[in-house]
Each structure stands twice: as structure tokens, then as C-alpha cells.
Amino acid sequence: LFPYTTLFRSLGDVVDLWRRRLDDVILEQHENISRLCEDDCINIRGNHDFILDEVYPDYKSHEHHVDVDIHYIHGYQLEIMSHSTPFTKESYERIARLLCYTNNTMGGLFSIAWNNMVDIINLLRSGHKCDDGRLELYTRFADKIYKNVFFGHFHRSCNIGGAHGLRAL
């Protein structure tokens, strides 16, 4: 028998509350978010939807989930652990929570500033911008920590360690 459960796993950022007004997203995505509140869904908290469990009492989000020997994380944690940002996990999560309550203009401006800050940090450390190299950096970092991991911070799923039989939707 296949040893993994048939649970649906969301790797976070199911909605982008940094670049959209919270009220608009809730009105437009209520049906989809409600579906993620059901028992057969495991929701990993993303940085752009950090507060969904505060807005939807039945929405249960987790920092990570382990099924057999596979770890599921959103991936923003790798950004912090690899020192691509000057923030601690706690301060990063406070910023994520605050940005979820801002409107689309503030979140959009912050995203531009954030990407420039990360580029500058990487330029100072390595002598070049990372661009998609950030994915490579985080992938190498995740490989050192986890045997098998799925993460989706880059708005596409990433599989480290060859977890067979799983696919990203």
C-alpha cells in the first residue's frame, strides 16, 4: 500500500494579502478558503496569507507538517535561516502579519523594497545578485536540514530529497 495519506496540503500563500485588500480577497475567495477549512486539508502558513487563521476560525494553519518522512513547509523560513534577510523569524513574521492587514499599494511597495533589499544583501555577501539563484541557495540550505522536503515560497513547489509519488497542484 502507498504509505502516504490522501490529505490535501496547501503550502501557503493561497491568497496574496500583501498586495490585495483583505476585504476584497475575503469576498472573492470565500468559497475557496472555506474549502481549505475542511478536515482533509492541511494548511501550511505562508508569509502572504499569515493571518487567515485569525480571519477564518475554522482555518487551521501550521508552520510545518510531517507525513511519514516528508516535511512540508512554506519556505519563507529558508529565507530567514539562510540569512538572506536581516530579520529574525519573529520579526519577519510580525512584518508578514502587518502586511496582511495593509492595502494593495503598501504591500506592492514593500515587495519592491524587499526584493531590492535582498538583492543588496546578496550582492554585498557574494558579489552578485541572486535572482533565481535564491531558489538554488534555499534548496541547498533545505537539503542540509531536511531529508525530504516540499516547499513553495517561490510560488511553485520544490521537492528536495526525491519524495516519490507526490505531485504539486
Side-chain angles (χ1 to χ4, degrees), residues 5-67 70-122 129-132 134-135 137-138 142 149-159 166-169:
T5 64
T6 57
L7 293 171
F8 177 80
R9 294 167 190 86
S10 157
L11 295 177
D13 289 353
V14 295
V15 292
D16 189 350
L17 297 176
W18 286 20
R19 295 180 185 97
R20 301 279 320 280
R21 286 178 41 86
L22 176 61
D23 296 345
D24 294 341
V25 172
I26 298 305
L27 287 172
E28 293 170 12
Q29 298 297 326
H30 176 72
E31 187 176 333
N32 294 325
I33 296 169
S34 294
R35 168 63 180 99
L36 294 172
C37 294
E38 296 177 11
D39 289 339
D40 63 344
C41 295
I42 294 179
N43 302 298
I44 307 302
R45 187 179 308 114
N47 55 331
H48 288 251
D49 63 2
F50 203 83
I51 62 164
L52 273 182
D53 53 357
E54 296 171 20
V55 178
Y56 281 83
D58 292 336
Y59 183 89
K60 296 169 188 70
S61 66
H62 309 276
E63 184 172 337
H64 68 279
H65 174 73
V66 179
D67 188 359
I70 300 175
H71 295 261
Y72 298 88
I73 63 174
H74 173 67
Y76 74 83
Q77 303 90 337
L78 298 173
E79 196 166 12
I80 299 162
M81 290 187 282
S82 66
H83 305 292
S84 291
T85 72
F87 301 109
T88 64
K89 181 175 178 287
E90 293 76 20
S91 61
Y92 184 101
E93 290 176 350
R94 272 196 304 271
I95 291 168
R97 175 174 275 109
L98 288 172
L99 284 172
C100 286
Y101 286 110
T102 63
N103 61 34
N104 54 352
T105 304
M106 182 65 176
L109 291 173
F110 185 84
S111 291
I112 292 168
W114 182 271
N115 288 333
N116 287 327
M117 177 198 65
V118 170
D119 286 344
I120 289 168
I121 288 170
N122 287 315
K129 279 179 33 174
C130 279
D131 297 326
D132 261 358
R134 279 194 289 173
L135 176 58
L137 171 67
Y138 302 157
V149 63
F150 273 83
F151 62 94
H153 183 56
F154 290 87
H155 305 271
R156 57 184 173 228
S157 72
C158 303
N159 172 13
L166 299 173
R167 66 186 168 102
L169 300 175

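Quantities reported herein were computed from a predicted structural model and do not represent experimental measurements.
- With a 4.5 Å cut-off on side-chain heavy atoms, Leu22 and Ile51 count as touching.
- Arg94 places a side-chain heavy atom less than 4.5 Å from the side chain of Ser91.
- A salt bridge is defined here as a Lys NZ or Arg NE, NH1 or NH2 lying under 4.0 Å from an Asp or Glu carboxylate O, and Arg35 with Asp40 meets this definition.
- Annotation for Asn32: atom CG counts as buried by contact number, over 12 foreign heavy atoms lying within 6.0 Å.
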Practice task
Report the C-alpha distance between Ile95 and Phe87 in whole Å, list the side-chain angles of each, state the deciding distance to 0.1 Å, and finish with yes or no for side-chain contact (heavy atoms from CB on, under 4.5 Å).
Solution key: CA-CA 10 Å; Ile95 291 168; Phe87 301 109; 3.7 Å; yes
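- In this structure, Trp18 contributes its side chain and Asn47 its backbone to a donor-acceptor pair below 3.5 Å.
- The CZ atom of Arg9 sits 4.5 Å away from the CG atom of Asp67 when rounded to the nearest 0.5 Å.
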Handout entry: Evaluation steps, side-chain hydrogen bond (donor to acceptor under 3.5 Å, both in side chains), between His62 and Asn43
Key = CA-CA 6 Å; His62 309 276; Asn43 302 298; over 6 Å; no
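- Expressed to the nearest 0.5 Å, how far CG of Leu36 lies from CG of Asp58 amounts to 12.0 Å.
- Between atom SG of residue Cys37 and atom NZ of residue Lys60 there is a gap of 7.5 Å, rounded to the nearest 0.5 Å.
- Checked by atom type, the side-chain pair Glu38/Tyr59 shows no donor-acceptor distance below 3.5 Å.
- Considering only heavy atoms from C-beta on, Glu63 stays 4.5 Å or farther from His74 through its side chain.
- Tyr101 is not listed as a side-chain neighbour of Leu17, based on a closest heavy-atom distance of 4.5 Å or more.
- With Asp24 contributing its side chain and Arg21 its backbone, the two residues share no donor-acceptor pair below 3.5 Å.
- Shown here for Ile26 and Ile33, the closest heavy-atom pair between the two residues is CD1-CD1, 4.3 Å.
- For His30, the ring-ring contact (aromatic ring centres under 6.0 Å, His included) criterion is met by Tyr56, not counting sequence neighbours.
- Remark: side-chain polar atoms of Asp13 are paired, donor with acceptor, to backbone N or O of His48 under 3.5 angstrom.
- Expressed to the nearest 0.5 Å, how far CG of Asp49 lies from SG of Cys100 amounts to 7.0 Å.
- His64 NE2 to Leu11 CG: the interatomic distance, rounded to the nearest 0.5 Å, is 13.5 Å.
- For the pair Arg97 and Phe50, the cation-pi test (distance below 6.0 Å, angle within 45°) is failed.
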Practice task
Give the C-alpha distance, both sets of side-chain angles, the deciding distance and a yes or no for side-chain contact (heavy atoms from CB on, under 4.5 Å) between His65 and His71.
Solution key: CA-CA 6 Å; His65 174 73; His71 295 261; over 6 Å; no
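- One finds the CG atom of Leu52 at 7.5 Å from the OG atom of Ser61 (value rounded to the nearest 0.5 Å).
- In this structure, the side-chain hydrogen bond (donor to acceptor under 3.5 Å, both in side chains) partners of Glu93, at least two apart in sequence or on a different chain, are Tyr76, Lys89.
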